[in-house]
Amino acid sequence: DSLEGHYSFAYTVSIENLSDEPVRLLERHWMISSGGSHLAEVVGPGVMGEQPLIEVGEVFEYTGSTIIQHPVGAMEGTYTFRAHSGMYFEVPIPKFDLHYPLIVH
């Protein structure tokens, strides 16, 4: 929805555990841009209020949202995980574009 220079977007993320042990998603770190400029960084525990344990071969999926000031923007970042063995590691979240569908008369 567009409301006076604010554009809202929903996105769905699927995370598949391809390792040989369970992993827990501990933290997210998003970098959000709007209109080609850096807008915000979001760092926080887990996703959607939880720190899911993803078993070997399982897929965890969630839908999030963001609001930016321009009809075009992008998001990218990292997730921090802890493996069952205690090792911490980061996984990059590839950049994806946010394009608001504009109606031209």
Side-chain angles (χ1 to χ4, degrees):
D1 259 334
S2 171
L3 182 62
E4 299 178 18
H6 289 87
Y7 298 85
S8 62
F9 295 87
Y11 55 88
T12 299
V13 176
S14 295
I15 303 168
E16 184 175 6
N17 181 359
L18 298 175
S19 74
D20 57 2
E21 61 181 317
V23 297
R24 185 170 300 279
L25 197 168
L26 297 179
E27 186 177 89
R28 70 190 183 286
H29 181 184
W30 286 107
M31 290 166 284
I32 304 167
S33 62
S34 175
S37 300
H38 178 75
L39 175 65
E41 280 191 59
V42 177
V43 178
V47 291
M48 306 306 292
E50 58 180 310
Q51 292 180 315
L53 178 68
I54 308 170
E55 297 290 344
V56 174
E58 280 191 351
V59 175
F60 174 78
E61 186 173 277
Y62 74 95
T63 298
S65 63
T66 191
I67 297 173
I68 60 175
Q69 285 72 39
H70 296 89
V72 177
M75 292 179 65
E76 63 185 311
T78 57
Y79 291 127
T80 302
F81 290 89
R82 185 180 67 236
H84 185 70
S85 62
M87 181 183 77
Y88 290 82
F89 61 98
E90 283 192 347
V91 174
I93 305 165
K95 180 178 177 182
F96 59 91
D97 294 327
L98 306 169
H99 293 280
Y100 195 83
L102 297 177
I103 299 172
V104 179
H105 295 280

*Group every Ile, Leu, Val, Met, Phe, Trp and Tyr by side-chain heavy-atom contacts under 4.5 Å, then state whether Phe81 and Val43 land in the same group.*
no

*How many angstroms lie between atom OH of Tyr7 and atom CD1 of Ile67, to the nearest 0.5 angstrom?*
13.0 Å

*More than 12 foreign heavy atoms under 6.0 Å from NE2 of His84: is that the case here?*
no

*Which pair of heavy atoms, one from Pro22 and one from Asn17, lies closest together, and at what distance?*
CA-ND2, 3.8 Å

_Would Thr12 and Glu61 count as a side-chain contact (heavy atoms from CB on, under 4.5 Å) here? Give the steps._
CA-CA 7 Å; Thr12 299; Glu61 186 173 277; 3.6 Å; yes

*Examine distances only and state if a side-chain atom of Arg28 and a backbone atom of Gly46 form a donor-acceptor pair shorter than 3.5 Å.*
yes

*Is any side-chain heavy atom of Met87 closer than 4.5 Å to a side-chain heavy atom of Arg82?*
no

*Would Met75 and Val72 show up in the same hydrophobic cluster when neighbours are defined by side-chain heavy atoms closer than 4.5 Å?*
no

*asked:* Within the structure provided, determine whether Glu76 and Ile93 are in side-chain contact (heavy-atom separation under 4.5 Å).
replied: no

*Transitively linked via ILVMFWY side-chain contacts under 4.5 Å: Met48 with Ile54?*
yes

*Got a second to check how far Glu50's CD is from Leu25's CG, nearest 0.5 Å?*
9.0 Å

*Side-chain heavy atoms under 4.5 angstrom apart, residues restricted to Ile, Leu, Val, Met, Phe, Trp, Tyr: same cluster for Val42 and Tyr11?*
yes

*Which is it for Glu16 and Glu58 under the side-chain contact (heavy atoms from CB on, under 4.5 Å) test, yes or no, and what are the steps along the way?*
CA-CA 6 Å; Glu16 184 175 6; Glu58 280 191 351; over 6 Å; no

*How many angstroms lie between OH in Tyr62 and CD1 in Ile15, if you round to the nearest 0.5 Å?*
5.5 Å

*Could you state the interatomic distance from OH (Tyr79) to CD (Glu27), rounded to the nearest 0.5 Å?*
12.0 Å

*Does Phe60 share a hydrophobic cluster with Val56, counting links as ILVMFWY side-chain heavy atoms below 4.5 Å and allowing steps through other members?*
no

*Please, which pairs that meet side chain to side chain donor-acceptor pair (under 3.5 Å) have at least one residue in residues 34-48, sequence neighbours excluded?*
His29-Glu41, Ser34-His70

*Keeping the roles fixed (side chain from Gln51, backbone from Leu26), state whether a donor-acceptor pair exists under 3.5 Å.*
yes

*So how far is it from Ile68 CD1 to Leu98 CG, rounded to the nearest 0.5 Å?*
5.0 Å

*Side-chain contact test, heavy atoms from C-beta onward, threshold under 4.5 Å: evaluate it for Phe89 versus Val23 and give yes or no.*
yes

*At what distance, to the nearest 0.5 angstrom, does CD1 of Ile32 lie from CZ of Phe9?*
11.0 Å

*Do you know which two heavy atoms are closest between Pro92 and Thr78, and how far apart they sit?*
CA-CG2, 4.1 Å

*Looking only at heavy atoms, which two atoms of Ala74 and Lys95 are closest? And how far apart?*
CB-CE, 3.5 Å

